[in-house]
Amino acid sequence: MITHPTSRIFISRDALKANYFALKNMVAPTVAVASVIKANGYGLGVEVVVNVFEQQGCEDFFVASLEEGVTLRAHTQKNIYILNGFHGAQKELFQHYRLIPILSHLKQIEEWGHEGECVWHIDTGMNRLGLRFEELDSALDLKTIPPVYILSHLSSSEEKDSPANQNQLHFFQACKEKLRPHFPNAKYTLSNSSGIYRGEDFHFDMVRPGYALYGGNPCPGEPNPLRNVVTVEARINQIHQGFKGEPVGYNQTHILKRDTLLAVVDYGYADGLLRTASNRGQFIVAGHACPIVGRVSMDLTVIDITDCPTPPQVGDYAALINDEQTIDDVAVMCQTNGWHILTTLSRRAQYVII
Ligand SMILES: *Cc1c(COP(=O)(O)O)cnc(C)c1O
């Protein structure tokens, strides 16, 4: 382990545990709480997160692709569901690794045939993956193996008042009515993180949180009911005095309005700090917010530390994400969402599990 790394990302096992437990407490004891750990556990490292959630009693894990499923199989013997379905030529791999495909169109259902456990995905309002309601009869006519779960996905669950939530709920309930006589043992799952907070009707037999487990706020505009999991820090490489009227960074997009003490931080867009944070984001230095001045570069970002009550030293760390500046805050300053921020965090930072 390199001492004094250029950048470091702390992942709190306690916070991951607390978040799984908090979501478990949101649903009835009969409702399974799966963990969505696609994209390498939302960027945090799939080995760590699968281990923590399995210890908390999680039986069901969702990843996006066959490749992610194969990687994950080395770390757990629990159920692994593949959200993006399967391709006919890969059937043997699905069987070999005991991966459960989520089938989202007729051809997939037909090709899977009687191979083993599968899930049917029904589209209730995304126009992305999933069978359409009108296709259910054709799907039933295929007389393939009954699915263990029927799944659908909410388009707007984090928008508390969006009519899409109730519309999709009613649509999914209608699908359940239609399929129940054919598949008496099938279970149902609709909600991601924010869907859990839309009420008990949305819970069905299993909920599928991802973002909230990692500390993202499932209830935008309200206090986050979950704990921050991730701290991202980068080293201060250089500190120098800049003078009023001088430009900063590529294309000179910032002109100093006053004499300014500048710190150059070893963190840039190649580390996941999006360029949209140029001239609008901030780092936290010893509890104090320090604005980003000029463009975010590939490996470096310049911040204004003039107003820090205790000025930092070269070699100190500036935080991008911590308990004070959350994933959701960083998403706002980068003009994107927190899922994007998490999944593009630095691949070259030192990961420290605490
Ligand atoms: C990614 C994903 C989830 C998890 O969503 P979060 O908003 O991160 O909780 C659940 N279900 C499906 C189908 C997904 O693709």
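In this text, all values refer to a predicted model and were calculated from it rather than measured experimentally.
We find that D123 and R132 are not joined by a salt bridge, their nearest charged nitrogen and carboxylate oxygen being 4.0 Å or further apart. Between D304 and K257 no salt bridge is recorded (no basic side-chain N to carboxylate O distance below 4.0 Å). Salt-bridge check for R348 with D299: passed, with a basic side-chain N closer than 4.0 Å to an acidic carboxylate O.
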*Can Q168 and S155 be said to form a side-chain hydrogen bond (donor to acceptor under 3.5 Å, both in side chains), step by step?*
CA-CA 8 Å; Q168 287 193 263; S155 68; 3.2 Å; yes
*For the pair K178 and D137, evaluate salt bridge (Lys or Arg N to Asp or Glu O under 4.0 Å) and give the outcome as yes or no after the intermediate values.*
CA-CA 9 Å; K178 181 170 176 65; D137 284 325; 3.0 Å; yes
*Check step by step if salt bridge (Lys or Arg N to Asp or Glu O under 4.0 Å) holds for R258 and D307.*
CA-CA 12 Å; R258 56 174 180 173; D307 298 328; 3.2 Å; yes
*Passes side-chain hydrogen bond (donor to acceptor under 3.5 Å, both in side chains), D329 versus T326? Steps please.*
CA-CA 5 Å; D329 296 333; T326 65; 3.2 Å; yes
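By the 4.5 Å heavy-atom criterion applied to side chains, V229 and N19 are counted as neighbours. Here the side chains of N224 and P218 are in contact, with some heavy-atom distance below 4.5 Å. Looking only at side-chain heavy atoms (C-beta outward), N322 and I284 come within less than 4.5 Å of each other. Taking the side chain as every heavy atom from C-beta outward, V119 and I100 approach each other to under 4.5 Å. The shortest distance between side-chain heavy atoms of E115 and I145 does not fall below 4.5 Å. Two residues are said to be in side-chain contact when any heavy atoms from C-beta on lie closer than 4.5 Å; L169 and L190 meet this criterion. The shortest side-chain heavy-atom distance between I236 and V264 does not fall under the 4.5 Å cut-off. Put simply, the side chain of E222 reaches to within 4.5 Å of the side chain of K160, judged on heavy atoms.
Hydrophobic clustering, with ILVMFWY side chains joined whenever heavy atoms are under 4.5 angstrom apart, keeps L300 apart from I239. Y188 and V33 fall within a single hydrophobic cluster, where Ile, Leu, Val, Met, Phe, Trp and Tyr are joined by side-chain heavy atoms under 4.5 Å apart, directly or via other members. When hydrophobic clusters are built by joining Ile, Leu, Val, Met, Phe, Trp and Tyr residues whose side-chain heavy atoms come closer than 4.5 Å, directly or via intermediates, V232 is grouped together with M298. Cluster annotation: W112 and L142 are assigned to the same hydrophobic cluster (Ile/Leu/Val/Met/Phe/Trp/Tyr, side-chain heavy-atom contacts under 4.5 Å, transitive). In this structure, V296 is a member of the same hydrophobic cluster as L345, with clusters built from ILVMFWY side-chain heavy atoms closer than 4.5 Å.
Figure legend: R8 and Y317 shown as a cation-pi pair, the cationic atom lying under 6.0 angstrom from the six-membered ring centre and within 45 degrees of its axis.
The environment of CD in E47 is sparse: at most 12 heavy-atom neighbours from other residues, nucleotides or ligands sit within 6.0 Å. Under a cut-off of 6.0 angstrom, the local environment of CD in Q313 is sparse, with at most 12 non-hydrogen atoms contributed by other residues, nucleotides or ligands. Atom CD1 of I354 has more than 12 heavy atoms from other residues, nucleotides or ligands within 6.0 Å. The neighbour count for K187 NZ, taken as heavy atoms of other residues, nucleotides or ligands under 6.0 Å away, does not exceed 12. The environment of H87 atom NE2 is sparse: at most 12 non-hydrogen atoms of other residues, nucleotides or ligands sit within 6.0 angstrom.
Annotation: ring pair (Phe, Tyr, Trp, His ring centres under 6.0 Å) contacts involving residues 255-288, sequence neighbours excluded, are absent. Each ring pair (Phe, Tyr, Trp, His ring centres under 6.0 Å) pair with one or both residues in residues 199-237, not counting sequence neighbours, appears once here: Y42-Y214, F172-F204, Y211-W339. Note on residues 276-286: pairs passing side-chain hydrogen bond (donor to acceptor under 3.5 Å, both in side chains), not counting sequence neighbours, are T253-N279, H254-N279, Q282-Q325.
Ring-plane geometry between F171 and F133 is classed as tilted, the angle between the planes lying from 30 to 60 degrees on a 0 to 90 degree scale.
Annotation: the span from N217 atom CG to S194 atom OG amounts to 8.0 Å, rounded to 0.5 Å. Between atom CG of residue D201 and atom CG of residue N165 there is a gap of 12.0 Å, rounded to the nearest 0.5 Å.
A donor atom on one side chain and an acceptor atom on the other are not found under 3.5 Å apart for D205 and Y149. With 3.5 Å as the limit, one finds no donor-acceptor pair spanning the side chains of D266 and T6. Of the N and O atoms on the side chains of R198 and S191, not one donor lies less than 3.5 Å from an acceptor on the other residue.
With hydrogens and angles disregarded, a donor-acceptor distance shorter than 3.5 Å links the side chain of H170 to the backbone of Q166. Between the D271 side chain and the G268 main chain, a donor and an acceptor come within less than 3.5 Å of each other.
Residues A277 and C334 come closest through the heavy atom pair CB-SG, 3.8 Å. Across every non-hydrogen atom of L320 and M333, the tightest pair is CD1-CE, 3.6 Å.
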Donor-acceptor pairs under 3.5 Å, side chain of residues 61-74 to any protein atom, not counting sequence neighbours: which ones?
residue	atom	partner	partner atom	Å
S65	OG	E68	N	3.2
E68	OE1	A39	N	3.4
E68	OE1	A64	N	2.8
E68	OE2	A39	N	2.9
T71	OG1	E67	O	3.1
R73	NE	Y97	O	2.8
R73	NH1	T76	O	2.9
R73	NH1	K78	O	2.9
R73	NH2	K78	O	3.4
R73	NH2	Y97	O	3.3
R73	NH2	R98	O	2.9

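Legend: residues meeting side chain to side chain contact (heavy atoms under 4.5 Å, CB included) with L129, ordered by chain and number and at least two apart, are N84, S104, H121. In this view, H240 and Q238 satisfy the side chain to side chain donor-acceptor pair (under 3.5 Å) rule, not counting sequence neighbours.
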